Amino acid sequence: VLEKLFDYAQRSAGEDGGVGYSTASGQQGQGNIGRTAGVWLAALGLGRADHPYTEKMRDYVRQHIADTQGGHASLQQHVLLAVVAASALGPEAAAEYWAG
């Protein structure tokens, strides 16, 4: 089940690692902080920190940590998951999140 989940997330993503809305044409590659932070945090919690796609998601999260107003998803999802991810990334990312 987990392999299917992570495979789907990776196939939905763009080159930048942001988890997309769907694998369908026109929806693939449209990552946002809410979806990507959630899947990245799940990957960490499930012991997949060293997987190449997990590292790509981490980089996306780091680059978009303060982008809680963007994307097509619940604003609450963006704000909550981004702040948890910022804490997981460390003090510098947390400061950037709160400055944003």
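Remember, it's a predicted structure, so these values are computed and weren't measured experimentally. Side-chain atoms are counted along with the backbone in the values below, which use heavy atoms only and exclude waters and symmetry mates. Note that the numbering runs from 1 along the sequence shown for the chain.
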- Message: Using the rule given for side-chain contact (heavy atoms from CB on, under 4.5 Å), can you reason through Tyr97 versus Val79, listing the C-alpha separation, both sets of side-chain angles and the distance that settles it, and then say yes or no?
- Response: CA-CA 9 Å; Tyr97 171 86; Val79 173; 3.3 Å; yes
- Pairs where residues 26-63 contributes a residue and the test ring-ring contact (aromatic ring centres under 6.0 Å, His included) is met, not counting sequence neighbours: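 Listed once each, the pairs are Tyr60-His64.
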Rounded to the nearest 0.5 Å, how far apart are [atom1] of [X] and [atom2] of [Y]?
X	Y	atom1	atom2	answer
Leu81	Thr68	CG	OG1	11.5 Å
Leu41	Met57	CG	CE	9.0 Å
Gln77	Ile33	CD	CD1	10.5 Å
Thr36	His78	OG1	NE2	9.5 Å
Asn32	Asp67	CG	CG	8.0 Å

- Message: Applying side chain to side chain contact (heavy atoms under 4.5 Å, CB included), can you list everything that pairs with Ala99, at least two apart in sequence or on another chain?
- Response: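 Ala99 satisfies side chain to side chain contact (heavy atoms under 4.5 Å, CB included) with no other residue.
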- With sequence neighbours left out, what residues match Glu3 under side-chain hydrogen bond (donor to acceptor under 3.5 Å, both in side chains)? Arg48
- Query: How would you list, by chain and number, every residue that makes a side-chain hydrogen bond (donor to acceptor under 3.5 Å, both in side chains) with Gln28, sequence neighbours excluded?
  - Reply: none
Donor-acceptor pairs are to be reported for all side-chain atoms of residues 83-95 against protein atoms at under 3.5 Å, with residues two or more places apart or in another chain.
residue	atom	partner	partner atom	Å
Glu92	OE2	Arg62	NH2	3.0

- Item | Heavy-atom closest contact (Tyr8 atom, Ser22 atom, distance) |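 Closest pair (atom of Tyr8, atom of Ser22, distance): OH-CA, 3.5 Å.
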Would you give me the side-chain donor-acceptor pairs under 3.5 Å for residues 9-20, sequence neighbours excluded?
residue	atom	partner	partner atom	Å
Arg11	NE	Asp7	OD2	2.9
Ser12	OG	Ala9	O	2.8
Ser12	OG	Gly20	N	3.0
Asp16	OD1	Gly18	N	3.1

